[in-house]
Amino acid sequence: MYDLIVEDATIVGGRQRRVADICVEDGRIVYVGERPAGPARARQSALGKFVIPGVIDGHVHFRSPGHPHKEDWASGSRAAASGGVTTVLDMPNTSPPTLSRADWNHKRSLAAAQSRVDFGLWVGASAGRNDDINELMDSGDACGIKAFMGASTGPLLVDDDTLVALFEQTRGLIGVHAEDDAVLVALRGRFDGQSAPDHNAVRPPAAAASAVQRLIELVSAYRRPVHICHVSTAAESDLLESSRGVLPITTEACPHHLFLASDVTPEFALPDGSGGTTASGNRIKVNPPIRTEADRRALWAAVRRDRIDTIGSDHAPHTLSEKAAPYWQAPAGVPGVETLLPLMLTAVRQGKLTIERVVQLCCEEPARIFGLKSKGSVSAGHDADLVIFGERELAPLLASDLLTRVGWSPFEGMRMVPKPDLVYVRGRLVAAAGKIVDDSVRGTLVRPGG
Ligand code: DOR
Ligand code: ZN
Ligand code: ZN
């Protein structure tokens, strides 16, 4: 007996769409096709609706433990599920940072107890920790090694010697925050005495381009797979163009870089004037910065021309009161796990890309890059992570739509496709129309190759 049959679904994959029924047993898809024989405990009509694989967000900072006032695994994963994200990969710059087996195990037990979606955990690169990294990577536990080439939130930063040692001494996928710290530090004096400089001038495109150039050199020398997080500029995209298909470099773009620009969205400054006194405001202070409209358009061109492989949210839940601090003290980062899919489907509505391409960027490519074999496809043998949505009216995003504990979004007020109708995690209905309908589901660890 099947646990569930989703009937008459318009199933969208990266290359095709078909109408069929989806049969689920023990959390897995066991059959996709015409009228399955046999009874089912539950049936769900998807007539006239699209069904896509659950989104894999390869880049969240749920920031647990240490910052429960911001987010924890329960609140972050509820937000994820409500927006169609059924797997998250959490970054290591938490407090304490995830650098050792003990740190990793601790975070794993928190996530296993609280997460409503499946999860993977990155390990952080740090000088003298390569044995820990190899143990976590060889065991198949960590989903990748995260290296910060530029200082951002948290203590993680690698200098060039540490980065070279990482390439020489460790194994597996390296994910990189690519901003060159030397460029950032050299510029710092220029902004002395300025209380509210333009964040995109403090951390300019040249810093990102310099780091990407260095990564191309290192990958050429060591042939290690590298995933470049949050590509945000025309300069990076241009540099990467000639190595596409030649070097094992994959790329991520973030919705905030695709939908916001530093020179055209002053309305995103804090309304009460506290803090957000830069052209763009501390709310959208994020590393790498929100770029100009010219870079934003170039990034869309890169997405549309297959130069970007994945979309990750870089969900970084900082509170509005933290954001209200003066520019130099305000933390960088924006929440976004629950608006990732609604925004990408809004781009579909705007004619920028197809649902098939969204499935490639948000489901298939992350599954391939992170080696998640049971994820990313609505077909027999895969986990029954299903997102079902119909054509719905665009509506302004309201703070009350948000499940992240920080309770705000840089996209508030923006007209977008609403959250999906139904979201299943391993065959269990977790969220419907943006609300959690079953809070008892717990996700499990995903591992490369598993
Ligand atoms: O803006 C950012 N916030 N960039 C990062 O690299 C880290 C993140 C965070 O953890 O807050
Ligand atoms: Zn980053
Ligand atoms: Zn990040």
Side-chain angles (χ1 to χ4, degrees), residues 57-67 69-72 76 80 85 88-99 107 120-126 143-158 163 174-181 184 199-200 202-203 205 207-208 211-212 215 226-233 236 250-257 260 262 268 278 280-291 310-320 322-323 325 327-337 340 366 404-406 408-410:
D57 186 344
H59 190 161
V60 303
H61 301 265
F62 277 178
R63 208 163 293 287
S64 175
H67 299 275
H69 64 294
K70 296 188 177 194
E71 194 84 285
D72 61 19
V85 171
V88 294
L89 307 183
D90 189 62
M91 288 297 176
N93 59 328
T94 37
S95 69
T98 316
L99 302 176
K107 196 188 264 187
L121 305 175
W122 292 82
V123 56
S126 170
C143 63
I145 309 163
K146 177 68 184 288
F148 284 85
M149 291 174 75
S152 192
T153 312
L156 297 188
L157 175 66
V158 295
L163 190 63
I174 304 175
V176 187
H177 178 116
E179 288 185 286
D180 183 339
D181 214 60
L184 302 180
H199 194 50
N200 189 33
V202 174
R203 303 178 75 112
V212 165
L215 285 171
V226 163
H227 187 58
I228 302 186
C229 298
H230 40 51
V231 170
S232 59
T233 62
E236 291 162 279
T250 53
T251 52
E252 171 198 77
C254 301
H256 46 270
H257 292 125
L260 302 174
S262 61
F268 287 103
T278 65
S280 49
N282 287 344
R283 277 201 192 202
I284 59 167
K285 178 181 175 188
V286 56
N287 301 332
I290 301 301
R291 307 297 192 181
T310 69
I311 305 294
S313 70
D314 201 357
H315 179 82
H318 300 295
T319 65
L320 280 181
E322 291 169 320
K323 286 288 196 179
Y327 168 81
W328 292 105
Q329 281 85 49
V334 293
V337 69
L340 187 163
T404 174
R405 183 163 293 163
V406 296
W408 69 279
S409 161

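The first residue of the sequence shown is numbered 1, and numbering continues consecutively from there. The structure presented is a predicted model; accordingly, all values stated were derived computationally and were not measured. Side chains included, hydrogens not; waters and symmetry mates left out as well; all remaining heavy atoms used. Order of listing sets the numbers, starting from 1, for every ligand and every atom in it.
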> As an exercise, state the distance from OG1 of Thr319 to NZ of Lys70, rounded to the nearest 0.5 Å.
6.5 Å
> In Asp314, what N, O or S atom is nearest to the Zn ion (ligand 3), if we give its atom name?
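Distance check against the Zn ion (ligand 3) picks out OD1 in Asp314.
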> Give me the nearest non-hydrogen protein atom to atom 10 (O) of ligand 1 as residue plus atom name, then the distance to 0.1 Å.
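Ranked first by proximity to atom 10 (O) of ligand 1 is Arg63 NH2, 2.5 Å.
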> Of the backbone and side-chain N, O or S atoms of His230, does one lie nearer to the Zn ion (ligand 2) than 2.8 Å?
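Coordinating: yes.
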> Does Cys229 put an N, O or S atom under 2.8 Å from the Zn ion (ligand 3)?
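No.
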> Against heavy atoms of His177, which atoms of ligand 1 measure under 4.0 Å?
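Reading through ligand 1 atom by atom, the close ones are 6 (O).
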> If you have a sec, read the angle at the Zn ion (ligand 3) from His59 atom NE2 over to His61 atom NE2, to 10 degrees.
110°
> Is the Zn ion (ligand 3) less than 2.8 Å from at least one N/O/S atom of His177?
no
> Give me the nearest non-hydrogen protein atom to atom 3 (N) of ligand 1 as residue plus atom name, then the distance to 0.1 Å.
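I find the closest protein heavy atom is Ala332 O, 3.0 Å.
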> Heavy atoms only: give me the nearest Thr153-Asn93 pair and the separation to one decimal.
O-ND2, 3.0 Å
> Would you say Gly333 and ligand 1 have an N/O pair spaced under 3.5 Å apart?
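Right, the criterion is met.
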> Carefully, step by step, assess His256 and Ile290 under the rule side-chain contact (heavy atoms from CB on, under 4.5 Å).
CA-CA 7 Å; His256 46 270; Ile290 301 301; 3.9 Å; yes
> Do you know the tightest heavy-atom contact between Pro288 and His257?
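Smallest interatomic distance, heavy atoms only, reads O-NE2, 2.9 Å.
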> Ignoring hydrogens and geometry beyond distance, is a side-chain donor-acceptor pair present between Arg291 and Ser232 at under 3.5 Å?
yes
> So Thr310 and Thr250, do their side chains get closer than 4.5 Å, heavy atoms only?
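The answer is no, as the side chains (C-beta and beyond) never meet within the 4.5 Å cut-off.
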> Answer with side chain, backbone, both or neither: which part of Met91 has a heavy atom less than 4.0 angstrom from an atom of ligand 1?
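Within the 4.0 Å criterion, Met91 makes no contact with ligand 1.
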> Check Thr404 against Pro335 and note the closest heavy-atom contact, atom names and distance.
CG2-CB, 4.4 Å
> Do Trp122 and Thr98 come within less than 4.5 Å of each other through their side chains, counting heavy atoms only?
no
> Please list, in number order, the atoms of ligand 1 under 4.0 Å from a heavy atom of Ala316.
3 (N), 8 (C), 9 (C), 11 (O)
> What protein heavy atom lies closest to atom 8 (C) of ligand 1? Include the residue and the distance to one decimal.
Thr153 OG1, 3.7 Å
> State which residues pass salt bridge (charged side-chain N to carboxylate O under 4.0 Å, His left out) with Glu179; sequence neighbours excluded, sorted by chain then number.
Arg203
> Please name the residue in the list His230, His315, His227 that meets the ring-ring contact (aromatic ring centres under 6.0 Å, His included) test with His59.
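Looking at His230, His315, His227, the match for His59 under the ring-ring contact (aromatic ring centres under 6.0 Å, His included) is His230.
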> Less than 4.5 Å apart, side chain to side chain, heavy atoms only: is that true for Trp408 and Val334?
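Side chain of Trp408 against side chain of Val334, heavy atoms only: contact under 4.5 Å found.
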> May I ask whether Lys285 has any heavy atom positioned less than 4.0 angstrom from an atom of ligand 1?
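Distance cut 4.0 Å: Lys285 fails for ligand 1.
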> What atoms of ligand 1 come within less than 4.0 Å of a heavy atom belonging to Phe148?
6 (O)
> Provide, to 0.1 Å, the distance between atom 1 (O) of ligand 1 and the closest protein heavy atom, together with that atom's residue and name.
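Ranking protein heavy atoms by distance from atom 1 (O) of ligand 1, first comes Asn287 N, 2.8 Å.
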> Return the closest protein heavy atom for atom 7 (C) of ligand 1 as residue, atom name and distance.
Ser152 OG, 3.5 Å
> So, is Asn93 polar-close to ligand 1, with some N/O to N/O distance under 3.5 Å?
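For ligand 1, there is an N or O atom that lies under 3.5 Å from one belonging to Asn93.
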